[in-house]
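To start, the structure under review is shown below, and the notes come after it.
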Amino acid sequence: MLIASIVGARPNFVKLAPVSRAIREFHDEIIIHTGQHYDYQMDRLFFDELKIPEPDYHLNVGSGSHGWQTGEMLGGIEGILLKERPDIVVVYGDTNSTLAGALAAVKLHQRVLHVEAGLRSYDMRMPEEVNRVSVDHISDLLSCPTRTAVSNLAREGITEGVHLTGDVMMDILLECLSIAQERSDIIDRLGLEEKGYYLATVHRAENTDDSRRLGSIIEALSEIGEELIFPCHPRTEKMLRKSGLWQGLDERIRIIPPVGYLEMLVLEAGAAKVLTDSGGVQKEAYMLQVPCITLRDTTEWVETIEDGWNVLVGASKNAILDAARNFEPTGEQRQVFGEGDAGRRIAALTLSDNDK
Ligand code: UD1
Ligand code: UDP
């Protein structure tokens with residue numbers, strides 16, 4: 001079979017790595033890169049570190065409004081899918097690249113496999129929620145990371161083609177953690193002590209594009225009174241500069257450029273606590289058994305909350321400070337993200353789809 005994987009943004013690359021490896025054991029694969037992310041640290045670094053094969057096609061779409069960006073991708077992807085005629089198109093997560101890939105494929109009557117299907121925040125103001133809901137409803141094969149994801153789909157009437165595979169981010173974390181810890185000197189380089197610092201990431205539109213929310217988060221991070229490492233997404237840097245917050249940043253917030261996946265794992269594993277609005281980072285904190293404080297009002301990863309390892313604080317300064325000082329995990333983890341064999345299970349789905 002010929003499988004086409006469509007990616008474009010940082011979290012897509014992390015999910016592609018284990019799936020692509022598993023798929024290539026059985027099939028030919030082409031990788032289509034939309035160009036949604038393009039800075040070295042948001043893009044190339046992940047292909048190099050995770051040994052992801054070179055994309056066969058690169059659309060170089062770049063940044064823009066949602067409609068424009070998705071439209072550009074849609075046209076570009078359609079041309080490639082018409083030429084290549086893959087048996088299955090695989091899309092990953094919930095970015096605009098995911099939506100464009102699924103939409104282009106379904107309109108050509110090509111089969112769509114959605115990796116990380118069934119996640120819901122039930123907040124349609126999030127661009128990612130619009131993307132997830134739309135993609136799930138036009139996919140033929142749905143790879144769910146958790147049982148909650150399977151039930152979410154069932155509630156929307158999606159039961160056919162749904163498979164509980166576990167989470168591909170568990171696969172890549174298990175594969176890379178010890179290698180990352182052996183190879184990376186980031187803890188020493190930044191002069192940190194294991195469990196002697198906090199780690200923060202912020203990039204979600206609801207936090208960056210609202211200067212009151214962003215200001216409140218930054219104030220809270222400054223007042224925690226612990227050393228805090230902040231690998232900064234380019235979107236966040238842009239908004240911090242635009243709102244004037246960049247100039248007044250407290251010296252206890254150590255902003256660094258985005259880091260690669262391996263260094264990120266090392267920073268996460270070594271942190272006393274993680275503060276984030278990232279979906280992937282919430283999961284990784286849970287997998288690494290690091291307490292997580294989530295700078296959002298909702299989360300798709302409800303199991304991390306139910307197990308007592310994650311707490312939702314939104315952008316309220318007091319709630320962030322309270323959690324930073326007092327939140328401690330309360331429960332045993334159920335290890336809800338699978339065994340680290342999700343990539344293999346997804347490849348098996350493609351094999352059993354052969355006669356469709
Ligand atoms: C996208 C995804 C989001 C995901 C995030 C991961 C959508 C709707 N959102 O959000 O789900 O969590 O990626 O990181 O797809 N920029 C650069 N260099 C880059 C990439 C982006 O400077 O390499 C800047 C540009 O100013 C751009 C802004 O970041 O306008 C936002 O980029 P975009 O890809 O539109 O959305 P993200 O916020 O990255
Ligand atoms: N990540 C990284 N470097 C960073 C920040 C994040 O490697 O500086 C990784 C993170 O560990 C996770 C993935 O990027 O594997 C998550 O992507 P992101 O937070 O950009 O998006 P989300 O998961 O929120 O969609």
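Every number for a ligand or one of its atoms is a count from 1 in the order of the listing.
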I'd like to know if Asp353 and Arg111 make a salt bridge, using a cut-off of under 4.0 Å between side-chain N and carboxylate O. yes
Please list all pairs passing the side-chain hydrogen bond (donor to acceptor under 3.5 Å, both in side chains) test where one or both residues lie in residues 191-201, with sequence neighbours left out. Thr201-Thr276
With heavy atoms and a 4.0 Å threshold, my read on which part of Glu268 contacts ligand 2 is side chain
Those residues with a heavy-atom separation under 4.0 Å from ligand 1 are Arg10, Pro11, Gln36, His37, Tyr38, Asp39, Met42, Ser63, His66, Gln69, Asp94, Thr95, Asn96, Pro127, Glu128, His203, Arg204, His233, Pro234, Arg235, Lys238
Are Phe327 and Asp322 close enough that some pair of their side-chain heavy atoms sits under 4.5 Å apart? no
Structural part of Pro231 in contact with ligand 2, heavy atom criterion under 4.0 angstrom: side chain
Between Thr95 (side chain) and Ser97 (backbone), is there a donor-acceptor pair under 3.5 Å? yes
Counting only nitrogen or oxygen atoms and a 3.5 angstrom limit, does Asp94 reach ligand 2? no
Does ligand 2 have a heavy atom under 4.0 Å from the side chain of Glu128, from its backbone, from both, or from neither? neither
Tested for salt bridge (Lys or Arg N to Asp or Glu O under 4.0 Å) against Lys283, the lone hit among Glu300, Glu303, Glu268, Glu116 is Glu116
Cationic N near anionic O, under 4.0 Å, Glu237 to Arg241: yes
Side chains of Arg254 and Phe230, heavy atoms from C-beta outward: is any pair under 4.5 Å? no
Mind checking whether Met169 has a heavy atom under 4.0 Å from ligand 2? yes
For ligand 2, which atoms sit closer than 4.0 Å to a heavy atom of Arg204? 22 (P), 24 (O), 25 (O)
